[in-house]
Amino acid sequence: MAVTHNEVIRNHAAFIWSVADLLRGDYKQSEYGRVILPMVVLRRLDCVLEPTKDTVLETAKSLAGRVENVDPVLRQATGEQFYNTSPLTMAKLLDDPPNIAGNLRSYLLAFSPAARDVLEKFDLPGQIDRLDRADLLYLVVARFSEIDLHPEAVSNLEMGYLYEELIRRFSELSNETAGEHFTPREVIRLMVNLLFIEDDRLLTKPGVVKTMLDPACGTGGMLSVAEDHLRSLNPQARLEVYGQELNPETYAICRSDMMLKGQDASHIVLGNSFSEDGFAGQHFDYLLANPPFGVEWKKIERAVRDEHESKGFAGRFGAGLPRINDGSFLFLQKAVWDALAVRDPDAPVITNRKGDPEPDPDLRDQENVTLPAIRLGYEEDPTPRLATIEYRTSAEDHLEAEVRPYVPDAWLDHTRTKIGYEIPLTRHFYKYVPPRPLEEIDAEIKQLEAEIQELLREVTE
């Protein structure tokens, strides 16, 4: 009987999860992921490189001392984005138990720079020392050497799902990192559906290629779900995803996830999106993010103010700077710039469409609205007033019924009209609950006063 796609993921996740039994006592639950996630990456790289191991070693030997930059040649030899020039493998590490810590460090150093960077950002060298001191290193390496993560056994797609399942489990174990690292997949799917809702027809065209940026990508969940969604719409389409992440360990998780799926992991960069913009000068078809809210931007204040003052609207922060504890507004301005302003630096605006879409009768939970600019006609105040009008009401009717009775010379400026969508959550979900009768509240207050008096009497007597 054939093993199904979901069974592969469940079986491997359960086996990998069993490593946690070895760590119990020496590690807290919230720390399990620090060992297991990088070891999963290491084992997958080990399995992927196994068929080309001899070729890489021979090629590296022949190039030694003759070619300075061997990276492209060795990547070509593996057919992957990474390689390892050590004769060791995870299985061979078990042949020398007394020296397993030193040999494993040597094995890590032999990886190509990008792969080594990911493993180091996980602080795997530090975990090797900790496991070695606890006499757990040999046991952990042996357990991971047993699991078959060769591409023939676990496809890139299955590997991605497996890795995301482990990330989810570890996030749930760690309250202090769950909100920072993991956005629930149900929320992400809703966001992705809303993002692509008007482009389903476009995205089903054969060979279409689109780009997406998440400037606060965390573990990459939004990018992964967006890719899955586009793949379900059109297997021939390609979504090139880009992300930037500030936290080194979280960056390592995201980048390794891309590596395990066979995607271009170089599109994931480490650094602060404000002071170290990893994609300066680039623009993207889509931008999706769940940036941190209520965080300070004091650490990068100088860089942000310099850009604001020197570039104005030719930079990312032309609209102005928020309070020092409102980093979310800076993310919003960056999003506008990355998605729109690079194409038209003189008019950085926010809109969910670049044109005016026809109303779709199947957007049942959304309301189509138009936002015309109503100019009041006063010479001393030419500023337009923007009004939100439901689609079933024309702007002209709204002007005649709601504005001109009070401002007779008001007129519509249709050059500012935008059509978009809003989800009126209050209208659909709010249920009015009338206040309690005053008599009932008064009686309750009197009862509480009597109870307080009785308690005071007990204390004073």
Side-chain angles (χ1 to χ4, degrees), residues 16 19 31-50 56 70-72 74-75 78-86 88-90 93 104-131 140-141 144 147 149 151 154 156 159-167 170-171 177 180-182 214 216-224 227 240-273 276 278-279:
I16 293 170
V19 177
E31 297 177 316
Y32 292 168
R34 298 180 185 179
V35 174
I36 295 177
L37 290 176
M39 290 299 293
V40 170
V41 175
L42 184 63
R43 177 55 177 162
R44 175 64 169 189
L45 301 183
D46 188 65
C47 290
V48 169
L49 295 177
E50 185 179 296
V56 170
V70 300
D71 191 75
L74 295 181
R75 282 194 282 114
T78 64
E80 303 289 344
Q81 301 176 44
F82 47 86
Y83 55 84
N84 187 294
T85 56
S86 169
L88 291 169
T89 63
M90 290 190 72
L93 288 169
L104 181 52
R105 293 190 198 97
S106 173
Y107 182 49
L108 295 182
L109 290 173
F111 272 103
S112 49
R116 188 171 67 247
D117 175 64
V118 168
L119 295 170
E120 289 175 351
K121 291 298 188 298
F122 270 120
D123 190 30
L124 186 53
Q127 298 305 326
I128 291 173
D129 293 339
R130 184 173 176 181
L131 290 168
V140 170
V141 173
F144 275 99
I147 187 170
L149 294 183
V154 184
N156 283 342
M159 193 67 223
Y161 285 138
L162 168 61
Y163 200 63
E164 288 181 17
E165 171 63 14
L166 293 172
I167 293 171
F170 290 126
S171 294
T177 58
E180 180 181 342
H181 290 181
F182 192 81
D214 184 343
C217 63
T219 58
M222 292 194 176
L223 300 176
S224 295
E227 282 186 299
E240 294 185 358
V241 295
Y242 298 75
Q244 183 159 356
E245 172 56 33
L246 176 64
N247 181 280
E249 183 181 355
T250 314
Y251 152 82
I253 294 174
C254 181
R255 184 153 181 164
S256 58
D257 187 32
M258 296 298 165
M259 290 173 59
L260 299 184
K261 293 176 180 176
Q263 296 165 348
D264 191 345
S266 67
H267 290 175
I268 308 300
V269 299
L270 177 67
N272 191 302
S273 290
E276 309 165 69
F279 306 102

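Residue indices begin at 1 and follow the sequence shown.
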Mutual orientation of the aromatic rings belonging to His267 and Tyr242 [parallel < 30°, tilted 30-60°, perpendicular > 60°]: parallel

side-chain contact (heavy atoms from CB on, under 4.5 Å) partners of Ser256, counting only residues at least two apart: Val41, Val118, Phe122, Tyr163

Side chains of Ile36 and Phe144 in contact at under 4.5 Å (non-hydrogen atoms): yes

Exercise: identify the closest heavy-atom pair between Arg44 and Val154: NH1-O, 2.8 Å

Non-hydrogen atoms of Ser266 and Val269 that approach each other most closely: O-CG1, 4.0 Å

side-chain contact (heavy atoms from CB on, under 4.5 Å) assessment of Thr219 paired with Glu164: CA-CA 9 Å; Thr219 58; Glu164 288 181 17; over 6 Å; no

Pairwise distance CZ(Arg34) to CZ(Phe170) - rounded to 0.5 angstrom: 12.0 Å

Straight-line distance of Leu246 CG to Tyr251 OH, nearest 0.5 Å: 12.5 Å

Residues in ring-ring contact (aromatic ring centres under 6.0 Å, His included) contact with Phe82, at least two apart in sequence or another chain: none

Under 3.5 Å donor-acceptor, Gln244 side chain and Gly271 backbone: yes

side-chain contact (heavy atoms from CB on, under 4.5 Å) assessment of Leu223 paired with Ile268: CA-CA 11 Å; Leu223 300 176; Ile268 308 300; 4.1 Å; yes

Test item: Arg43 side-chain N/O and Ile147 main-chain N/O as donor-acceptor pair under 3.5 Å: yes

Residues which pass salt bridge (charged side-chain N to carboxylate O under 4.0 Å, His left out) with Asp71, listed by chain and number, not counting sequence neighbours: Arg75

Under the salt bridge (charged side-chain N to carboxylate O under 4.0 Å, His left out) test, residues paired with Glu240 that sit two or more places apart: Arg238

Close side-chain approach of Val56 to Asn84, heavy-atom, < 4.5 Å: no

By salt bridge (charged side-chain N to carboxylate O under 4.0 Å, His left out) - contacts of Glu120 (at least two apart): Arg116

Donor-acceptor pair, side chain of Asn156 and main chain of Pro151, under 3.5 angstrom: no

Derivation and outcome, side-chain contact (heavy atoms from CB on, under 4.5 Å), residues Asp257 and Ser224: CA-CA 9 Å; Asp257 187 32; Ser224 295; 3.4 Å; yes

Any donor-acceptor pair under 3.5 Å from Thr250 side chain to Gly218 backbone: no

Arg255 side, atom CZ; Asp264 side, atom CG - distance, nearest 0.5 Å: 8.5 Å

Val70/Thr85 under side-chain contact (heavy atoms from CB on, under 4.5 Å): CA gap, chis, key distance, verdict: CA-CA 11 Å; Val70 300; Thr85 56; over 6 Å; no

Contact check, side chains of Met39 and Val141, non-hydrogen atoms, under 4.5 Å: yes

Point-to-point distance, once rounded to the nearest 0.5 Å, from CG of Leu88 to OG of Ser106: 6.0 Å

Residues in side chain to side chain donor-acceptor pair (under 3.5 Å) contact with Glu227, at least two apart in sequence or another chain: Gln263

Shortest non-hydrogen contact between Pro248 and Lys121, atoms and distance: O-CB, 3.6 Å

Nearest-0.5 Å distance that lies between atom CD1 in Ile167 and atom CG in Leu162: 10.0 Å

Carboxylate-amine/guanidinium proximity below 4.0 Å for Arg130 and Glu31: yes

Rounded distance (nearest 0.5 Å) linking atom CG of Leu45 with atom CE of Met259: 4.5 Å

Check: Glu245 side chain, Cys254 main-chain N or O, donor-acceptor pair, under 3.5 Å: no

